[in-house]
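Reading through the structure tokens given below for one structure.
The shown structure was predicted, so the numbers you read here are calculated from the model rather than taken from an experiment. Any value given below was found using the heavy atoms of this structure, including those in side chains, with hydrogens, waters and symmetry copies removed.
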Amino acid sequence: MSTPPDGNAAYNELARIFSARRKDNNVLEIEILPPGLGPLLQDGNSVGITKKYLVQAFVTARRIFFDASNEPFDFPDAGGHEDERKAPQNESLLQKRRDDLLNASEIILLFDCEHLTACSWRKRRLAALRQRAGSADPGYTSREMLTRELDTEMSLLTTYICSPLHRHTKSPTLYNHRLWVLRQMISDGSERLTRREDDREIVSNQKVLKKELSVVLRSGELHPKNYYGFTYIRQLLDILSSCYDDQGGVAARLAALIIPEVLDWCIAHPSDISGWMFTLRLLDWARDEKTRADSIDRVLRFALNVGWEGESIWTFVDLATKMIGVGASEKAQCRAPSNALTYLPLSEAGAADGWKACLERARTAWVAGQQAGSRIGDSSPK
């Protein structure tokens, strides 16, 4: 396998940055610079690179990756590494080749987040490490090394997904890969939890869910209407709850745990319908009428206070109120200062115009509130 020429500064600089990132397991923030800057700037964990410089690095990385992939040491039957016990004298050479492949695949994914070949190679490498970690032979990779490599892979994916890049924040390939890696991290505990519910493991899963939610919400800020990100969290909730005998009860607990944080995000991004639809799914999971009613009340307060007329919030109100039932919907009120909005049940508003009916009643409440304010102003002492 040929190494990049000394003059290929783009590849060498990016390879150095990614190698240092793996060593410290840091999360980087990478962005594309305008042509007038760069070509590459780094300040701590913040990295900026021009598109032209990234293309130069990608061309070299692609050549290195495919040249190395065709060599017999790459994928024998363990998925990415030659049996080092057969050639201990070549350890330094093997280590260099592994580093080259890791650097090349990471640069390829930085340029093209949908590069399935590079992503599949990284899966096969981790699968091989997992296979060796489960082996009784002490000469194989230790479980501690597997844990470290899985953590490093997750931080790499966080780097991609949470960086202000055009496509990475909403990449189905990266989210699917992240879900696969997370499955490897939690699969060992799953076999135990199918037999009995372990509160300590539930707490651990809650931490995992909160951490992954923060990643998705950040990516949603960078790329609005990020359905791939919220679908990832839906799938994660299914996985975490499937580890227990009482799947529905655990799913309800996990969903209720993150509803306040998700609502905070949705209210901060009121036009993002993907967040509101995810909140609806959480309310369905939670199966708690009080949680649903309180969530609707909070959203209505916000919408009335700011005079929101966009379709996203009123669609959420319409569907969420229908979710809690007609009897409850007749009692659902927004305790805004005007106290004038009582939600019209879907059966009265009509399925097609449900959210529009909500909006019309909100407009009526705003007018009533303005008129009441004017009367108070007129009657105040001059």
Side-chain angles (χ1 to χ4, degrees), residues 175 179 182 197 202 205-206 208-217 219-220 224-303 310-334 343-358:
Y175 275 114
L179 190 66
L182 200 58
E197 181 174 322
I202 292 179
N205 287 344
Q206 289 174 348
V208 171
L209 180 60
K210 296 278 284 187
K211 181 178 180 181
E212 295 305 298
L213 178 65
S214 66
V215 171
V216 169
L217 295 184
S219 68
K225 298 179 178 60
N226 199 330
Y227 287 100
Y228 288 110
F230 287 112
T231 297
Y232 166 77
I233 289 292
R234 287 185 178 95
Q235 294 171 325
L236 177 59
L237 273 167
D238 285 332
I239 293 172
L240 294 178
S241 60
S242 67
C243 298
Y244 303 88
D245 294 331
D246 182 18
Q247 294 184 20
V250 174
R253 290 171 60 181
L254 293 175
L257 175 71
I258 62 176
I259 284 175
E261 184 176 356
V262 175
L263 266 182
D264 287 342
W265 188 91
C266 289
I267 289 174
H269 306 82
S271 62
D272 196 322
I273 189 64
S274 63
W276 291 113
M277 293 302 100
F278 177 62
T279 307
L280 276 175
R281 185 67 181 94
L282 292 179
L283 293 177
D284 183 46
W285 257 318
R287 300 184 302 182
D288 180 71
E289 295 299 328
K290 184 178 185 304
T291 299
R292 294 173 179 173
D294 289 346
S295 299
I296 295 171
D297 181 73
R298 181 183 175 190
V299 174
L300 284 172
R301 287 171 181 263
F302 168 79
E311 179 179 350
S312 54
I313 284 183
W314 296 111
T315 297
F316 168 81
V317 171
D318 177 48
L319 296 177
T321 310
K322 180 182 178 182
M323 181 186 298
I324 66 176
V326 174
S329 67
E330 291 173 344
K331 301 177 182 178
Q333 295 182 353
C334 177
Y343 179 72
L344 190 65
L346 189 67
S347 58
E348 296 181 27
D353 298 326
W355 73 269
K356 295 181 180 179
C358 292

Derivation and outcome, side-chain contact (heavy atoms from CB on, under 4.5 Å), residues Asp272 and Phe278: CA-CA 11 Å; Asp272 196 322; Phe278 177 62; over 6 Å; no

Show, in sequence, the C-alpha distance, side-chain angles and deciding distance for Asn205 and Val250, and conclude whether the side-chain contact (heavy atoms from CB on, under 4.5 Å) test is met. CA-CA 10 Å; Asn205 287 344; Val250 174; over 6 Å; no

Student check: side-chain heavy atoms of [X] and [Y] closer than 4.5 Å:
| X | Y | value |
| --- | --- | --- |
| Ile239 | Leu182 | no |
| Leu213 | Leu236 | no |
| Ser295 | Leu283 | yes |
| Val317 | Leu300 | yes |
| Arg298 | Asp264 | yes |

Closest contact, heavy atoms only, [X] versus [Y]:
| X | Y | result |
| --- | --- | --- |
| Arg292 | Arg287 | NH2-CA, 3.5 Å |
| Val262 | Gly275 | CG1-O, 4.5 Å |
| Leu254 | Ser241 | CD1-N, 4.5 Å |
| Ala255 | Ala286 | CB-N, 4.2 Å |

Qualifying ring pair (Phe, Tyr, Trp, His ring centres under 6.0 Å) pairs with a residue from residues 279-299, counting only residues at least two apart or across chains: none

Mind checking the [atom1]-[atom2] spacing from [X] to [Y]? Nearest 0.5 Å is all I need.
| X | Y | atom1 | atom2 | answer |
| --- | --- | --- | --- | --- |
| Ser312 | His269 | OG | NE2 | 12.5 Å |
| Asp238 | Ile233 | CG | CD1 | 11.5 Å |
| Glu212 | Gln235 | CD | CD | 12.5 Å |
| Ile296 | Phe316 | CD1 | CZ | 6.5 Å |
| Leu209 | Arg253 | CG | CZ | 12.5 Å |

Quick check on side-chain contact (heavy atoms from CB on, under 4.5 Å): which of Thr315, Leu319, Val299 does Trp276 satisfy it with? Val299

Just do the side-chain contact (heavy atoms from CB on, under 4.5 Å) check on Leu282 and Leu237 with the steps written out, would you? CA-CA 10 Å; Leu282 292 179; Leu237 273 167; 3.7 Å; yes

Pair Phe230 and Trp265, ring centroids less than 6.0 Å apart: yes

So that I know where these two stand, are Tyr232 and Tyr175 an aromatic pair - ring centroids less than 6.0 Å apart? yes

Is it true that a side-chain atom of Thr321 and a backbone atom of Asp318 form a donor plus acceptor pair closer than 3.5 Å? no

Does any N or O in the side chain of Ser219 come within less than 3.5 Å of the main-chain N or O of Val216, such that one atom is a donor and the other an acceptor? yes

Arg301 and Asp297 ion-paired at < 4.0 Å: yes

Just jot down the salt bridge (charged side-chain N to carboxylate O under 4.0 Å, His left out) partners of Arg281, sequence neighbours excluded, or say none. Asp284

